[in-house]
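Have a look at the structure below, then the notes.
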Amino acid sequence: MGIRISTWNVNSIRIRLDGLQRLVETARPDVVCLQETKVADHLFPAAAIRELGFEHQLLHGAKGYNGVAILSRRPFIETGTRAWCGREDCRHALASIDAGEGIGPIEIHSLYVPAGGDIPDPETNDKFAHKLQFLEEMRDWSMSLSPDTPAVLVGDLNVAPLESDVWSHRQLRNVISHTEPEIERLNRAMEDGLWIDAVRHLIPPPERLYTWWSYRARDWSASDRGRRLDHIWVRPELEPRFDDVQVLREARGWPKPSDHVPVTLSLKD
DNA sequence: ATGGTTGTAGGACAA
C-alpha cells in the first residue's frame, strides 16, 4: 500500500480549492499537509475538501495569518498541535496515520516556520530573532522525539539551505531564507541522524530545485528566480521506504497560483 | 533600481 504525502503552502486555502483539486488529481496523495491556510477553523472549507476524498481533517488555523492543516484519506490514530517559541500562532499540527503493512503507523508533522521579515539582523528585526529562535527550538524538539516512532516532517521551513536551492547563492547570501545563521540552525536541527532531507536524497545537488517563486516577478518561469523553501524530512529508519519525490513546478503556472508549489513523497511497503 | 504582487482585510501589514 505505502503512502503518498504532499505538502503545500497554499497562501489561503479558501482561494486555492481549485488548485487543491488539481494537486489531488495530479499527485494522488493520501495525505496533504497545508501551511498558510489563513482561516479560522469554523470557516475552513471542510465539506468541499471532503468531496475530494479527504474525510479526515486536522485543522489548526486562525483568522488572517498562518494556519496549518493535515488532510487524510485514512483515519488518524492520534492528533495534536504544538506551540513554538511560547506563541499560540498555529504553525504546527501533527497526526499519526497508518502507512501500510510494511511501514505501520507514522507520525506526520505539518510545520510553518516564520518567514523572518526583511532585515537579517536579530538585534533590529524581531521577526528574524523569532525565526532564529524557532529554528533553534527545532533541534531540541527533534531530539525529544521518540526514537521508536517513524516520523515525517514536512512544510514551509522558509530556509533554502544549499547553493543549488537558490537561483543565485551570491546574490541571496544576505537575503533572509539563505543567510548563514538560518542555514546553520536548520542544519543543526537535522544533524546527528535526527532527520534525512528526503527531497535532496532523491534529487541530489547540484541539480537546481525550487519550490517558491515570488509573485513580484514579471515572468516567474523565464526569470526562474526561485528558492527551495518547502521541505520533506524523514527519520532515518524510513530511508529504505523511499520511493519517489515530486516537486510540482507546473502548479506555479496554474490559474490563481500560490507562490509555493506542492512537494510529494511516496513511501513504499 | 529600494520597485514589484498577492492575500486578508476592508486599512495596514505580512509574505
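The sequence lines fix the lettering, A, B, ..., with proteins before strands; numbering per chain opens at 1.
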Point to revise | Closest-nucleotide ordering on DNA chain B, the 5'-leading residue of A:Trp212 and A:Arg14 | key: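 Upstream on the strand: A:Arg14.
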Practice item. Using heavy atoms to find the nearest nucleotide of DNA chain B for A:Ala217 and A:Tyr112 separately, return the residue whose nucleotide is more 5′. Key: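 Mapping each residue to its closest nucleotide by heavy atoms, the 5'-most match is A:Ala217.
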Round to the nearest Å and state the distance from [X] atom [atom1] to [N] atom [atom2].
{"X": "A:Arg218", "N": "B:dT5", "atom1": "CZ", "atom2": "C1'", "answer": "12 Å"}
{"X": "A:Ile15", "N": "B:dT5", "atom1": "CD1", "atom2": "P", "answer": "16 Å"}
{"X": "A:Asn66", "N": "B:dC13", "atom1": "CG", "atom2": "P", "answer": "17 Å"}
{"X": "A:Lys63", "N": "B:dA12", "atom1": "NZ", "atom2": "C1'", "answer": "14 Å"}
{"X": "A:Lys256", "N": "B:dT6", "atom1": "NZ", "atom2": "P", "answer": "8 Å"}
{"X": "A:Trp213", "N": "B:dT6", "atom1": "CH2", "atom2": "C1'", "answer": "17 Å"}
{"X": "A:Asp259", "N": "B:dG7", "atom1": "CG", "atom2": "P", "answer": "9 Å"}
{"X": "A:Tyr215", "N": "B:dA15", "atom1": "OH", "atom2": "C1'", "answer": "10 Å"}

Check your understanding: So, A:Asn11 and A:Lys38: side-chain donor and acceptor under 3.5 Å apart, yes or no?
Key ->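 A:Asn11 vs A:Lys38: donor-acceptor pair found between side chains.
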So, is [X] close to the [N] phosphate, meaning a side-chain N or O under 4.0 Å from OP1 or OP2?
{"X": "A:Ser12", "N": "B:dT8", "result": "yes"}
{"X": "A:Arg16", "N": "B:dG7", "result": "yes"}
{"X": "A:Lys38", "N": "B:dA15", "result": "no"}

Review point. Considering only heavy atoms, which members of residues 158-182 of chain A lie under 4.0 Å from some atom of DNA chain B?
Key: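 Within this stretch, nothing sits under 4.0 Å of the strand.
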Review point. Looking only at atom C1', what distance separates B:dG4 and B:dA15, rounded to whole Å?
Key: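 After rounding to an integer number of Å, I get 13 Å for this pair.
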Review point. Taking only residues at least two apart or on different chains, which pairs with a member in residues 210-226 of chain A satisfy salt bridge (Lys or Arg N to Asp or Glu O under 4.0 Å)?
Key: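 Passing the test, one end in residues 210-226 of chain A: A:Asp224-A:Arg249.
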Check your understanding: What salt bridge (Lys or Arg N to Asp or Glu O under 4.0 Å) pairs are there with at least one residue in residues 39-59 of chain A, not counting sequence neighbours?
Key ->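 Listed once each, the pairs would be none.
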**Study point:** Nucleotide nearest A:Lys127 when distance is taken to its side chain, options B:dG7, B:dT8, B:dA15
**Key:**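 Shortest atom-to-atom distance from the side chain points to B:dA15.
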Which atom pairs, one a donor and one an acceptor, fall under 3.5 Å between side chains of residues 101-108 of chain A and the rest of the protein, sequence neighbours left out?
| unit_1 | atom_1 | unit_2 | atom_2 | d |
| --- | --- | --- | --- | --- |
| A:Glu107 | OE1 | A:His109 | NE2 | 3.2 |

Practice item. Among A:Arg173, A:His169, A:Arg228, find the one that has a side-chain hydrogen bond (donor to acceptor under 3.5 Å, both in side chains) with A:His178. Key: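 With A:His178 as partner, A:Arg173, A:His169, A:Arg228 yield a single side-chain hydrogen bond (donor to acceptor under 3.5 Å, both in side chains), made by A:His169.
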Practice item. Please identify each residue that fulfils salt bridge (charged side-chain N to carboxylate O under 4.0 Å, His left out) with A:Asp89, with sequence neighbours left out. Key: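 Per chain and number, A:Asp89 pairs via salt bridge (charged side-chain N to carboxylate O under 4.0 Å, His left out) with A:Arg91.
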Review point. NA contact type, A:Arg225, heavy-atom cut-off 4.0 Å: base, sugar-phosphate, or nothing?
Key: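 No contact.
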Name each donor-acceptor pair under 3.5 Å that joins a side chain in residues 78-88 of chain A to protein atoms two or more places apart or in another chain, with its distance.
| unit_1 | atom_1 | unit_2 | atom_2 | d |
| --- | --- | --- | --- | --- |
| A:Arg82 | NH1 | A:Glu137 | OE2 | 3.0 |
| A:Trp84 | NE1 | A:His92 | ND1 | 3.0 |

